[in-house]
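In what follows, chains carry the letters A, B, and so on, assigned in the order in which the sequence lines appear, proteins first and then strands, with residues in each chain numbered from 1.
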4 protein chains.
Amino acid sequence: MTDQSDIFAPLRRHAGRPPRWKRAPEARPRQILEAAFRIFGTRGLHTATLEEVAREAGISKGTIYLYFPSKADLFSAMLRARVHDLMPALQPSGRVPHGVRAQRQLALLARRLHRFFRTPAFLNVYRAVIGEAAAFPEAAQSLYREGVLPANRRLAEFLRVGMDAGEFRQVDPLIAARAFVGMLQIFAISQGLLGGQRVYPMPESRILNTVTDLFFHGLLAPGQRASRTRGTP
Amino acid sequence: MTDQSDIFAPLRRHAGRPPRWKRAPEARPRQILEAAFRIFGTRGLHTATLEEVAREAGISKGTIYLYFPSKADLFSAMLRARVHDLMPALQPSGRVPHGVRAQRQLALLARRLHRFFRTPAFLNVYRAVIGEAAAFPEAAQSLYREGVLPANRRLAEFLRVGMDAGEFRQVDPLIAARAFVGMLQIFAISQGLLGGQRVYPMPESRILNTVTDLFFHGLLAPGQRASRTRGTP
Amino acid sequence: MTDQSDIFAPLRRHAGRPPRWKRAPEARPRQILEAAFRIFGTRGLHTATLEEVAREAGISKGTIYLYFPSKADLFSAMLRARVHDLMPALQPSGRVPHGVRAQRQLALLARRLHRFFRTPAFLNVYRAVIGEAAAFPEAAQSLYREGVLPANRRLAEFLRVGMDAGEFRQVDPLIAARAFVGMLQIFAISQGLLGGQRVYPMPESRILNTVTDLFFHGLLAPGQRASRTRGTP
Amino acid sequence: MTDQSDIFAPLRRHAGRPPRWKRAPEARPRQILEAAFRIFGTRGLHTATLEEVAREAGISKGTIYLYFPSKADLFSAMLRARVHDLMPALQPSGRVPHGVRAQRQLALLARRLHRFFRTPAFLNVYRAVIGEAAAFPEAAQSLYREGVLPANRRLAEFLRVGMDAGEFRQVDPLIAARAFVGMLQIFAISQGLLGGQRVYPMPESRILNTVTDLFFHGLLAPGQRASRTRGTP
DNA sequence: TATGAATGAGGTTTCATTCAT
DNA sequence: GATGAATGAAACCTCATTCAT
């Protein structure tokens, strides 16, 4: 297990329900935010009660109000915190790849992204943000500004390198990057959130192969064409 | 007002004291569903009140219960009805294109889809379904089964024709179709629901051109390649 | 089956759910009252709805209002009607007994009364009247005045005959009569309404024998004593 | 106000702005049950509102739900509590009498019972239980099991002593006991609940004398007979 | 700092009653 | 006379929020 995959460590911290800390005022906000994420993530903003959040955090209801002025504030603080925590997962391995075959790089990236999008941590945040986007436009925007955009810029940077190297055609890298993400995300969401998995299961390998193949060839510069392998049969 | 207008006299019978309500049992369900869509769509299932829905429908609260057994039932009936209403928009022009330049066809389709996804009607349904997917799994699944899948099959059919004609490479058409949709949807959602439009506006033409270009080239059979021009203009 | 036992005939009239009379405005009030008795009797005034009453009567809700100004009025009309219908059952066989042995007479009377009190028709009225006595004091009083008092007077008359004949001691016949009724009623109510039957079943014969024996000996004139048989062992 | 009274100064700390509510978690259940009894007892289960109960208890509506899960639960808890509270009143003087004149004993007991049955506390419970026996069969049964039966056994024990002593004839003591109670209860109920008191008042002394006399003679062993005087004085 | 008892506004739901047809 | 769609007041119940301890 690499460092990378540990970005969800905070989510797992309480897996075994530790003996409730009686004195840890500095840790409270985070402790509450994490409980809030687990409860809001699974039950939704309105269905969840602060009583549940408090119980999950191992504290009492009133204590929440010592750190957050209202349920709504707790909810958007939780979203901000989660977006912040989830960010690293969207960074294409930190360093821009070089030397390795570009398609292989894309394939690796696709797998990382797809797996991340299928994660309950991501799906729950997605559901929460989309579901309450109208009620919390600032939260949605901040997720866009601090989550979507930066991650997208990283990915675009990666693509631009390929374009500058002549391997890829020149297309708007920001748009291409988001399109790539969209191709993967739609599977995660329709299969994971809409219950598609049970209605019409799709093997991950086939999804990843097809998407990577399509995107890679869509991007490929004319001269590079000969070197490619065949798509998914 | 001329004599002419007196042919409407029978309709004015109660002009002085209009009837408190009108009988319209056949029209009620649709009338309520549409009000429900407007209210639930903008305010969300939990924030919206049946009082609001009733007011929007121009009826009284109790009347809703003559047609729907509960708020939750009204909500999912509304989703079903909307999915049903939205379906036609997803059908690619009815007949499968042939002979015409495939890229042009894709471009037209992309524009149709993208515009549809940016529609408040779609975005509101999307938000409602995603936001309440956990609470209404059947609704989410039925949207998947009756909305996503059939639309996807149409599009896949369209792509398969191109593959069979040798214009496109052989890839899994269902996956390719959904990936295409994903590329467009992610823009509609991030720009329309997450407030991206205000944070980082993107001209529709650029989105459509890039996406169409990427997807078309990603699909293009090797032999067809020569005839293509470069990326986004 | 004697005439006597047919006093509940009205209650049985609809047992087989006859084809709803479409034209019988004169019969409506009684038809509604009977449905009301069945519904109110089993479900109680507040739990029962006019919808149920209407359905039971085979008419529509609005029609009830053509005959009764309100639910409360229907309820007390129903009570009055029932009390009126139940009265005959309380008359000690119509004619004052003579010649037969007095104890045998009492025994027959006790059985008639006890069986009547165990009847759902009686228990439901009792429950309804007692339960709503505070809300419908007039109904309760009218039941007292028109049901309890007259029936009691009949019974007292029966006892007085025995006293005048020297068979019974001279005691207040009205009080004695009601006490006799009370001895029987308490079994019917505790066993039938409070669920005593399931908790602690008591054979009717033992109840009747003991009660009759006690009351008869309680009433017996000193000189008559020798002739009596032994009580229940 | 003297200096003396200043020892209470600490208690007046918030005199100017009294606390909106007082903590009294231990006292609440009983406090609520008593308010519930007063309200339900006079207005009935359905007519009474929790708002009224709360006001009567001097607390707010929501507080009730901290102690009772629903209105129905409060109602049956109230019944249970009342039955429990009422029990002592039904115990015949604690020790079984002996040697004293049995009729005098019975007379005393009759008066105790009759007075108890005429008590609003009893009449209200009776009305509540009878009125809702169908909706709360468990409550009715528990009243039977925990109220009626034990009280009856005590009384039966009392009678059995007399039988064993040869003063009373051998009859089923449980049935005789309940019959005795029934003779008294019917007056309390018809006069107290059905409004008989206003329609046809009966002096308590006459009721008690007659009933006691009847029952005593009904029970008396043949040999004991000579010592008795005639009926109601 | 932390608690949890208490509050009360607000929402869903029911149903007696009305009234156009 | 009969219907049944429509109404809206009222009641139960929940839960975010407050605050004495």
Side-chain donor/acceptor contact of A/Lys61 with base of F/dT17 under 3.5 Å:
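Between F/dT17 and A/Lys61, which were checked side chain against base, a qualifying N/O pair under 3.5 Å is present.
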Closest non-hydrogen atom pair, A/Ile32 against A/Ile64:
CD1-CA, 4.2 Å
I need the residues from residues 41-53 of chain B with at least one non-hydrogen atom less than 4.0 Å from DNA chain E; give them sorted by number, or say none.
B/Ala48, B/Thr49, B/Leu50
In whole angstrom, what separates [X]'s [atom1] from [N]'s [atom2]?
X       : N      : atom1 : atom2 : result
D/Phe68 : F/dC12 : CZ    : P     : 15 Å
C/Ile64 : F/dT3  : CD1   : P     : 10 Å
D/Ile59 : E/dA5  : CD1   : P     : 13 Å
A/Phe40 : F/dA16 : CZ    : P     : 8 Å
C/Arg55 : E/dC15 : CZ    : P     : 11 Å
A/Asp73 : F/dA16 : CG    : P     : 14 Å
A/Leu74 : F/dT17 : CG    : C1'   : 14 Å

Which sits closer to the 5' end of DNA chain E, C/Gly62 or A/Thr63, going by the nucleotide each is nearest to?
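So the residue in question is A/Thr63.
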Heavy-atom nearest nucleotide on DNA chain E taken for C/Lys71 and for B/Ala72; more 5' hit belongs to B/Ala72
So if I apply the salt bridge (Lys or Arg N to Asp or Glu O under 4.0 Å) rule between B/Glu56 and each of B/Arg43, B/Arg38, B/Lys61, which one comes out positive?
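Single salt bridge (Lys or Arg N to Asp or Glu O under 4.0 Å) partner of B/Glu56 among B/Arg43, B/Arg38, B/Lys61: B/Arg38.
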Give every residue pair that meets the side-chain hydrogen bond (donor to acceptor under 3.5 Å, both in side chains) criterion with at least one member in residues 75-84 of chain D, sequence neighbours excluded.
none
What residues, two or more places apart in sequence or in another chain, satisfy salt bridge (charged side-chain N to carboxylate O under 4.0 Å, His left out) together with C/Lys71?
none
Are [X] and [Y] side-chain neighbours, meaning at least one heavy-atom pair lies under 4.5 Å?
X       : Y       : answer
D/Leu74 : D/Phe40 : yes
B/Leu66 : B/Arg28 : no
C/Phe68 : C/Leu33 : yes

Partners of B/Gln141 by side chain to side chain contact (heavy atoms under 4.5 Å, CB included), sequence neighbours excluded?
A/Arg198, A/Val199, B/Arg145
Report yes if at least one side-chain N or O of D/Tyr65 is closer than 4.0 Å to OP1 or OP2 of F/dC15; otherwise report no.
no
N/O (side chain, D/Tyr67) to phosphate O (OP1/OP2, E/dA6) under 4.0 Å
yes
List, one per line, each side-chain donor-acceptor pair under 3.5 Å for residues 127-138 of chain D, sequence neighbours excluded.
unit_1	atom_1	unit_2	atom_2	d
D/Arg127	NH2	D/Gly41	O	2.6
D/Arg127	NH2	D/Asn124	OD1	2.8

Taking F/dC13, E/dT3, F/dA6 as options, the one with an atom nearest any side-chain atom of A/Leu66 is E/dT3
Among the nucleotides E/dA5, F/dA6, E/dG8, whichever has the atom closest to the side chain of D/Ser60 is E/dG8
Based on Watson-Crick and G-U pairs with both distances under 3.5 Å, what dot-bracket line describes DNA chain E 5' to 3', crossing pairs as [ ] and inter-strand pairs as |?
.||||||||||||||||||||
